[in-house]
S.K.: 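Got a structure here, written out as structure tokens. Questions coming.
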Amino acid sequence: MKAIPFNKPYLSGREPEYMCEAVRSGKISGNGDFTKRCQRFFEERYGFRKCLLTTSCTDALEMAAILSDVGPGDEVIVPSYTFVSSALAFVRQGAKIVFADSCPDNPNLDVSQLEALITPRTRVIVAVHYAGVACDMDPLMELARRHGLLVVEDAAQAVDACYKGRPLGSIGHLAAFSFHETKNVIAGEGGMLVVNDERFLRRSEIIWEKGTNRAEFFRGEVNKYGWVDTGSSFLPSEITSAFLWAQLECLDRIQEKRKQLWNQYHGLLAPLAEKGCVMLPDIPGYATNNAHMFYLVCRSIKERTALIGRLKEAGILAVFHYLSLHSSPYYAPRHDGRSLPNCDRFADCLVRLPMYYELLPEDIDRICRVILDFFH
Ligand SMILES: *Cc1c(COP(=O)(O)O)cnc(C)c1O
């Protein structure tokens with residue numbers, strides 16, 4: 001019986017060709033033709049104001065934290081059910097994290113509970129679009145506007161997804177995407193910062209280029225360049241950008257295929273949700289589905305462990321996801337002690353099923369048969 005892995009990186013086939021092209025061009029450091037091509041692709045397709053490729057989404061979040069100018073004494077609201085980097089980027093600047101709980105029926109942060117978390121020290125809200133499904137951005141942006149807060153979208157999983165017709169990544173003041181090999185489009189390790197707020201356009205480029213105004217110099221806007229601000233080496237080499245370009249050319253094909261697979265899962269498992277055995281992903285009316293992930297939520301951690309075990313016996317690798325950040329070894333001693341029950345439930349009960357371009361319809365049939373049989 002063929003084993004079914006949890007993830008398999010998608011390859012369009014043209015990655016080596018474009019990487020060789022980058023190497024042969026004689027310009028293999030960052031901010032060359034492939035980098036610019038990728039950035040323009042996102043700016044034109046999604047209306048992002050300015051895009052800067054980075055070596056990871058974590059890097060893009062670190063840039064966002066620097067641009068937010070947060071420091072000791074400042075508070076940043078982050079969902080507890082997310083990847084470490086959504087919080088860590090701000091912690092490195094000295095900020096305190098105030099963790100938000102998830103919605104009852106959706107792992108995204110519960111916007112209706114946010115206002116109670118805002119204090120005079122709050123500076124930023126990080127909106128993580130879990131599984132590529134939009135947070136409820138209109139009330140979130142309105143709340144941020146009323147309190148003078150910045151909104152950073154952690155859109156790591158949210159390529160090609162929308163909120164009320166607007167692309168995710170175009171709504172917050174800043175946004176971060178990931179091209180890690182587990183995402184829909186990949187570069188091995190890679191990411192991108194999106195700058196939507198005019199105030200950050202110039203400084204973002206300087207922080208990206210090690211605190212120098214090098215990019216302005218190469219555009220001929222200044223006649224010498226030097227050290228003008230803080231920053232780091234956040235830009236990827238042209239080899240990474242060339243790989244990414246080979247993926248972006250195929251974005252529509254990737255998305256169409258993933259959505260077919262997702263819909264097949266949903267159709268086959270819907271009867272289990274109707275019987276109340278599991279909860280399936282909820283795509284609110286304001287969101288589109290980018291099929292980043294297919295998950296189900298069991299009734300207890302015990303049931304989840306047993307289900308993952310049963311799938312494993314059948315040669316199928318399914319995995320749980322985040323452990324609540326508010327009870328992590330690093331942050332628990334710093335957390336304010338509030339319990340976050342919805343977040344804990346997703347941490348205990350959510351299972352992610354195999355999802356990748358090469359997954360076959362018969363693989364999904366086989367996976368769903370095991371699950372239906374388990375709950376029988
Ligand atoms: C994958 C992911 C990240 C980190 O992305 P890297 O590119 O690996 O740094 C951050 N946040 C979320 C929500 C993610 O899913």
Side-chain angles (χ1 to χ4, degrees), residues 6-7 9-10 38 42 51-66 76-92 97 99-100 102-103 106-109 124-135 137 140 151-161 163 168-169 171-172 174-194 208 232-237 240-241 243-244 247-248 258 281 287 289-295 319-326 328 330-331 343 346-347 350 352 355-356:
F6 171 68
N7 180 52
Y10 167 80
C38 293
F42 284 103
C51 294
L52 293 171
L53 291 193
T54 56
T55 53
S56 66
C57 179
T58 302
D59 265 3
L61 289 164
E62 285 178 13
M63 288 182 71
I66 294 170
V76 176
I77 298 174
V78 181
S80 182
Y81 194 73
T82 184
F83 189 65
V84 175
S85 304
S86 321
L88 176 60
F90 295 89
V91 168
R92 291 178 83 256
I97 305 298
F99 283 113
S102 299
C103 302
N106 175 324
N108 283 340
L109 53 72
V124 181
I125 301 173
V126 181
V128 181
H129 305 298
Y130 184 77
V133 178
C135 296
M137 292 305 283
L140 191 150
V151 174
V152 175
E153 296 179 71
D154 181 340
Q157 306 176 8
V159 72
D160 205 49
Y163 173 79
L168 298 187
I171 302 168
L174 297 161
F177 284 87
S178 175
F179 307 119
H180 185 266
E181 72 167 28
T182 52
K183 306 301 201 274
N184 290 26
V185 288
I186 63 175
E189 300 277 357
M192 182 173 74
L193 178 76
V194 177
W208 190 55
S232 190
S233 184
F234 286 118
L235 68 176
S237 92
T240 296
S241 303
F243 190 109
L244 181 62
Q247 300 260 318
L248 294 179
R258 293 183 75 108
N289 178 20
N290 75 345
H292 171 62
M293 186 193 300
F294 194 90
Y295 67 81
V319 293
F320 55 85
H321 211 181
Y322 305 127
L323 303 171
S324 305
L325 294 182
H326 71 280
S328 61
Y330 183 70
Y331 218 82
C343 167
F346 291 114
L350 186 146
R352 296 181 290 159
M355 172 59 92
Y356 50 88

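Indexing begins at 1, ligand by ligand and atom by atom, following the structure's order. The residues of the chain are indexed from 1 along the displayed sequence.
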S.K.: Identify all pairs of nitrogen or oxygen atoms, one from ligand 1 and one from the protein, separated by less than 3.5 Å, and list them with distances.
M.R.:
residue	atom	partner	partner atom	Å
ligand 1	5 (O)	Ser178	OG	3.3
ligand 1	7 (O)	Cys57	N	2.9
ligand 1	7 (O)	Ser178	OG	2.7
ligand 1	9 (O)	Cys57	N	3.3
ligand 1	9 (O)	Thr58	N	2.8
ligand 1	9 (O)	Thr58	OG1	2.5
ligand 1	11 (N)	Asp154	OD1	3.4
ligand 1	11 (N)	Asp154	OD2	2.8
ligand 1	15 (O)	Gln157	NE2	2.8
ligand 1	15 (O)	Lys183	NZ	3.3
ligand 1	15 (O)	Tyr322	OH	3.4

S.K.: Donor-acceptor check, side chain of Arg258 to backbone of His292, threshold 3.5 angstrom: yes or no?
M.R.: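 Side chain of Arg258 to backbone of His292: a pair is present.
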
S.K.: For Tyr331, look at atom OH and say whether over 12 heavy atoms of other residues, nucleotides or ligands are found less than 6.0 Å away.
M.R.: yes

S.K.: Between Tyr130 and His321, do the side chains contain a donor N or O and an acceptor N or O under 3.5 Å apart?
M.R.: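 Side-chain D/A pair, His321 to Tyr130: present.
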
S.K.: Output all residues satisfying ring pair (Phe, Tyr, Trp, His ring centres under 6.0 Å) with Phe90, sequence neighbours left out; order by chain, then residue number.
M.R.: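 With neighbours one apart ignored, the set is empty.
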
S.K.: Under 3.5 Å, side chain of Glu153 to main-chain N/O of Gly169, donor-acceptor pair present?
M.R.: yes

S.K.: How long is the straight-line distance from CD of Gln247 back to CG of Asn184, given to the nearest 0.5 Å?
M.R.: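 Rounded to the nearest 0.5 Å, the CG-CD separation comes out at 10.0 Å.
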
